[in-house]
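Structure first, then comments.
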Amino acid sequence: MFTGIVQGVARVESIDAREGLHTLALKLPAGFDADLAIGASVSCDGVCLTVTGRPAPDTALFDVMAQTLNLTTLGALKVGSGLNVERAAREGVEIGGHPLSGHVDVSARIAEIRKPDNNHVIRFAVPAPWMRYVFAKGYIGVNGCSLTVAEARRERDGSGWFEVWLIPETLRMTTFGDKAVGDAIHIEIDRSTQVVVDTVRDALDEKLGPLLPVLEAIARERGIDLTQLAIGKS
């Protein structure tokens, strides 16, 4: 488990790209590798990776399998690319962010960047159906960083967007200051939020499912779109 409090930025030193497997050599932030052993888990841009080698101080190797390469942005890394890194949480440690598993749910895109005084606002475009789990003032994991959603909007098709406001310290400790509009990022939704939303949807489906044809007919007559409701919709 991770806390979502990024501990620094690692840089790609080399990539050994073989069929179905990439081995990344990452230059770690100063002091990050104290007692870092082979087999340890590290969050790399929100993806939980296992240390497979320690060829030099402040350097660690990570194997990334084909499925992870296909589902994340790690397959597009280049030498010099930066990644947010965090070591696995230890028992009893203070959780300054929120619990993260290091399992990416979906890749989103940066839709807009604004820079008001001493702030940095990023808007992320999220595909359907994942926006159902994103709420203003809720937690979300973005490239391994625990962030609070400032604003969120869901569209009729189930997609949508949300915004986060980043302070200078967050920009200093992460790669967000280097991101541009159109860049892909990793999203891990808050598991407690997912459980609540899915439980409510399942309960409504069970109770109202048999009435769905009638409800849809009434909705069509009145010009109401049921795609925003948790009734028989995937």
Side-chain angles (χ1 to χ4, degrees), residues 1-12 15 17 20-24 26 40-52 60-78 81-89 95 97-111 122-135 138-149 152 154 158-164 166 170 173-176 178-198 234:
M1 186 188 78
F2 304 95
T3 69
I5 302 301
V6 175
Q7 296 169 319
V9 175
R11 296 286 173 183
V12 178
I15 303 173
L21 183 72
H22 286 190
T23 298
L24 307 177
L26 300 185
S41 296
V42 176
S43 172
C44 299
D45 264 0
V47 182
C48 180
L49 298 180
T50 301
V51 177
T52 58
L61 303 182
F62 301 87
D63 287 341
V64 187
M65 61 184 180
Q67 184 179 25
T68 303
L69 294 172
N70 292 333
L71 295 177
T72 71
T73 64
L74 299 186
L77 291 174
K78 301 176 181 178
S81 294
L83 300 94
N84 297 332
V85 289
E86 179 194 353
R87 294 187 56 173
I95 298 179
H98 75 282
L100 293 172
S101 66
H103 299 156
V104 173
D105 290 303
V106 64
S107 289
R109 294 277 176 183
I110 295 178
I122 305 181
R123 176 178 292 187
F124 301 98
V126 181
W130 299 100
M131 272 304 298
R132 68 171 62 133
Y133 305 114
V134 183
F135 299 90
Y139 293 120
I140 195 163
V142 182
N143 273 10
C145 185
S146 173
L147 297 174
T148 301
V149 177
R154 283 178 286 279
S159 65
W161 56 261
F162 71 91
E163 290 185 345
V164 297
L166 307 177
T170 302
M173 291 296 293
T174 68
T175 62
F176 290 124
D178 300 328
K179 299 299 182 182
V181 171
D183 284 352
I185 53 88
H186 299 142
I187 297 291
E188 181 180 333
I189 60 174
D190 177 44
R191 290 290 170 256
S192 60
T193 300
Q194 183 182 22
V195 169
V196 171
V197 171
D198 286 347
S234 61

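We use all heavy atoms of the structure for the numbers below, so side chains are in, but hydrogens, waters and symmetry mates are not.
- Of all non-hydrogen atoms in Cys44 and Leu74, the two that sit nearest each other are O-CD2, 4.4 Å.
- To the nearest 0.5 angstrom, Asp45 atom CG is 9.5 Å from Thr174 atom OG1.
- Rounding to the nearest 0.5 Å gives a distance of 5.0 Å between CG of Asp190 and NE2 of His98.
- The two residues Met173 and Val9 make their nearest non-hydrogen contact at O-CG2, 3.7 Å.
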Requested in this report: Show the numbers, then the answer: is there a side chain to side chain contact (heavy atoms under 4.5 Å, CB included) between His103 and Leu71?
Outcome: CA-CA 11 Å; His103 299 156; Leu71 295 177; over 6 Å; no
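- Going from atom CZ of Arg11 over to atom CG of Leu77 covers 11.0 Å, rounded to the nearest 0.5 Å.
- Among all heavy-atom pairs drawn from Thr3 and Ala89, the shortest one is CG2-CB, 3.9 Å.
- With rounding to the nearest 0.5 Å, the separation of CD1 in Ile140 from CD1 in Ile189 is 8.0 Å.
- Residues Leu24 and Val64 come closest through the heavy atom pair CD1-CG2, 3.8 Å.
- A distance-only check finds a donor-acceptor pair linking the side chain of His186 to the backbone of Thr73 [under 3.5 Å].
- Note that the CG atom of Leu166 and the CD1 atom of Ile122 stand 5.0 Å from one another [nearest 0.5 Å].
- Nearest heavy-atom pair across Ser43 and Gly144 is OG-CA, 4.2 Å.
- Shown here for Gln7 and Glu86, the closest heavy-atom pair between the two residues is OE1-CA, 3.3 Å.
- The side-chain heavy atoms of Val42 and Leu49, taken from C-beta on, include no pair separated by under 4.5 Å.
- Rounding to the nearest 0.5 Å places CG of Asp183 at 12.0 Å from OG of Ser107.
- With a 4.5 Å cut-off on side-chain heavy atoms, Phe176 and Val142 count as touching.
- The one candidate from Met131, Arg154, Arg109 that meets the side chain to side chain contact (heavy atoms under 4.5 Å, CB included) condition with Val126 is Met131.
- Without hydrogens or angle criteria, Asn84 side chain to Asn143 main chain gives a donor-acceptor distance under 3.5 Å.
- Take Glu163 and apply the side-chain hydrogen bond (donor to acceptor under 3.5 Å, both in side chains) test, not counting sequence neighbours, and it matches Arg114, Arg123.
- With a 4.5 Å cut-off on side-chain heavy atoms, Val104 and Glu188 do not count as touching.
- In this structure the side chain of Phe2 reaches within 4.5 angstrom of the side chain of Ser41, judged on heavy atoms.
- Around atom CZ of Phe62, more than 12 heavy atoms belonging to other residues, nucleotides or ligands sit under 6.0 Å away.
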Report task. For Leu83 and Val12, run side chain to side chain contact (heavy atoms under 4.5 Å, CB included): C-alpha distance rounded to whole Å, both residues' side-chain angles, the deciding distance at 0.1 Å, then the answer. Result -> CA-CA 8 Å; Leu83 300 94; Val12 178; 3.7 Å; yes
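- With contacts defined as side-chain heavy-atom distances shorter than 4.5 Å, the pair Tyr139/Leu147 does not qualify.
- Val134 pairs in a side chain to side chain contact (heavy atoms under 4.5 Å, CB included) with only one of the listed residues (Val149, Ile187, Thr193), which is Val149.
- Side-chain N or O atoms of Thr52 include one that pairs as donor or acceptor with a backbone N or O of Leu61 at under 3.5 Å.
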